[in-house]
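Written out below as structure tokens is the structure these notes cover.
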Amino acid sequence: MSRTQSLDESLSIASSSDVKAYLQQVLGNTDDLMMVPVRIAGMEGLLCYLKTMTSSVFMMDNIIKPMSQFTLETDEYLSSAIFEKLREACFGGLTTQWVERLEELTGKLLEGYAGLAVNDAEMILSIDVKNLETRSVDEPTTQTVVRGPKEGFTESAQTNMSLIRRRLFNERLRFDQYTVGKQTRTNVYVAYIEGNVDLKVIRRVKARLKQIEVQSLLDSGTLEELLRPRGFSLFPTIYSTERPDKTCALLIKNKLAIIVNGSPFVLIVPTVMNEFFSIS
């Protein structure tokens, strides 16, 4: 049994490198996963969180800065008792929970918690860091419903990824980042559930994004035109939506979602004609 597999059962001998290896294995190379090496009272550790579930200002003021100011009165190794003292001194005003299994840590990250692992500590501390500083999420203007969620995407890609992440508590949800536009350098994210989508489709979409050479990309509508297959088609091959619930439903149905920073409309690919009757 490998080191990572054994840690799935117990954290009694966990180290920050073990935690990092496990999260990379389970969550993959998703762009919103942050793993920051930290030092706490001379001890090495790892702070991990999903940046789509919090803000950098919140993390700096409420997590990183208090940890940097924490000191020990003795040279004692950071035992569980001192780890508890760290929790009370630095995060007394935040919701915290002890995590004993790495699979529990993964669930906490998906819920909007940060995980703090310190070498040789018996447990990992999870800290509630859910915090977003964006404009309010309004009701969709083009796809209103009588019954159902009233939330719509905004112009912030980070907010839009958060709206998706908060509905899909799935550790296989991935966000891959690309930059399109020589002048605007617009961030574009491809969202999908790893293992659900045909790898050929993922490779094709990623290859098309890498091949795009334009001066500016200011809206997902422009990207939609660039991604459409050449030649004449009677029916659209790309579906656009400003509803997070529709996007999540289509991700579950093995689709890819393309999020363009600055646009409240998310593109769904691939799409065939008969699906417009059920998703419109």
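In what follows, every heavy atom counts, from backbone to side chain, and hydrogens, waters and symmetry copies are set aside.
Note on F58: it clusters hydrophobically with M67, by side-chain heavy-atom contacts below 4.5 Å among ILVMFWY residues. A single hydrophobic cluster is seen to contain both L94 and F70, as judged by linkage of ILVMFWY side chains at heavy-atom distances under 4.5 Å, directly or through other members. Residue F91 is grouped with residue V36 when hydrophobic side chains (ILVMFWY) are merged at heavy-atom distances under 4.5 angstrom, including chains of intermediate members. Residues V205 and F265 are members of separate hydrophobic clusters, defined by side-chain heavy-atom contacts under 4.5 angstrom among Ile, Leu, Val, Met, Phe, Trp and Tyr. L256 and V260 fall within a single hydrophobic cluster, where Ile, Leu, Val, Met, Phe, Trp and Tyr side chains are chained together by heavy-atom contacts under 4.5 Å.
No option in L50, L33, I259, V190 other than I259 meets the side-chain contact (heavy atoms from CB on, under 4.5 Å) test with F175. Exactly one of T271, L223, L227, I258 qualifies for a side-chain contact (heavy atoms from CB on, under 4.5 Å) with I238. That residue is L227.
Here the closest non-hydrogen pair linking T247 and A257 is CG2-CB, 3.8 Å. Scanning all heavy atoms of the two residues, the minimum distance from P66 to I63 falls at CD-O, 3.4 Å. Contact between I212 and R208 at its shortest, heavy atoms only, is CG1-O, 3.1 Å. When all heavy atoms are compared, the tightest approach of Y189 to A157 is CE1-CB, 3.7 Å. Considering all non-hydrogen atoms of both residues, L163 and G152 come closest at CD1-O, 3.8 Å.
Side-chain N or O atoms of T30 include none that pairs as donor or acceptor with a backbone N or O of L27 at under 3.5 Å. In this structure, T184 contributes its side chain and L217 its backbone to a donor-acceptor pair below 3.5 Å. Using modelled atom types, one side-chain atom of K255 and one backbone atom of P270 make a donor-acceptor pair closer than 3.5 Å.
For the atom pair CG of N254 and CG of N196, the computed distance is 5.0 Å after rounding to the nearest 0.5 Å. Between T237 atom OG1 and I268 atom CD1 the span is 13.0 Å, to the nearest 0.5 Å. Atom CG in N187 sits 8.0 Å away from atom CD in Q158 (nearest 0.5 Å). In this structure, the separation between CD on E155 and CG on L218 is 12.5 Å, given to the nearest 0.5 Å. Between atom CD of residue Q211 and atom CG of residue L209 there is a gap of 9.5 Å, rounded to the nearest 0.5 Å. We find the OG-NZ distance between S55 and K130 to be 13.5 Å, quoted to the nearest 0.5 Å.
A 4.5 Å side-chain heavy-atom check between S56 and K51 finds every atom pair outside the cut-off. Counting only heavy atoms from C-beta outward, the side chains of L168 and C248 approach each other to under 4.5 Å. Looking only at side-chain heavy atoms (C-beta outward), M53 and V129 stay at 4.5 Å or farther from each other. Side-chain contact check for L267 versus Y239: every heavy-atom pair is 4.5 Å or farther apart.
Pairs of residues two or more places apart, or lying in two chains, that qualify as salt bridge (charged side-chain N to carboxylate O under 4.0 Å, His left out) and include a residue from residues 86-99 are E84-R87. Sorted by first and then second residue, the salt bridge (charged side-chain N to carboxylate O under 4.0 Å, His left out) pairs with a member in residues 190-203 read R174-E194; sequence neighbours excluded.
With no hydrogens or angles considered, a side-chain donor-acceptor pair links S220 and S263 at under 3.5 Å. A donor and an acceptor atom, one from each side chain of R165 and N170, are nowhere located under 3.5 Å apart. Side-chain contact check for T186 and N261: no donor-acceptor pair (N or O, by modelled atom type) lies under 3.5 Å. A donor atom on one side chain and an acceptor atom on the other are not found under 3.5 Å apart for Q24 and N29.
By the side chain to side chain contact (heavy atoms under 4.5 Å, CB included) test, R185 pairs with T179, sequence neighbours left out. Every salt bridge (Lys or Arg N to Asp or Glu O under 4.0 Å) that K206 has, sequence neighbours left out, goes to D176.
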| request: Under the side chain to side chain contact (heavy atoms under 4.5 Å, CB included) rule, what do V266 and E242 come out as? Steps first, then yes or no, please. | output: CA-CA 6 Å; V266 169; E242 56 177 335; over 6 Å; no
| After noting the C-alpha distance and the side-chain angles of M123 and V99, does the key distance pass the side chain to side chain contact (heavy atoms under 4.5 Å, CB included) rule? | CA-CA 6 Å; M123 293 182 290; V99 173; over 6 Å; no
| request: Please report the C-alpha distance between I124 and L116 in whole Å, then the side-chain angles of each, then the deciding distance to 0.1 Å, and finally whether the side chain to side chain contact (heavy atoms under 4.5 Å, CB included) criterion is met. | output: CA-CA 6 Å; I124 291 178; L116 177 60; 5.6 Å; no
| field | CA sep, side-chain torsions, deciding dist, call: V214, T222, side chain to side chain contact (heavy atoms under 4.5 Å, CB included) | value | CA-CA 10 Å; V214 293; T222 304; over 6 Å; no
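With respect to K20 and D18, no salt bridge is recorded, no charged nitrogen being found less than 4.0 Å from a carboxylate O.
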Identify every side-chain donor-acceptor pair in residues 105-115 under 3.5 Å, counting partners at least two apart or on other chains, and give the distances.
residue : atom : partner : partner atom : Å
T106    : OG1  : L102    : O            : 3.3
K108    : NZ   : Q97     : OE1          : 2.6

Identify each donor-acceptor pair in which a side-chain atom of residues 38-48 lies under 3.5 Å from a protein atom, sequence neighbours left out, and give them as a table.
residue : atom : partner : partner atom : Å
R39     : NH2  : G42     : O            : 2.7

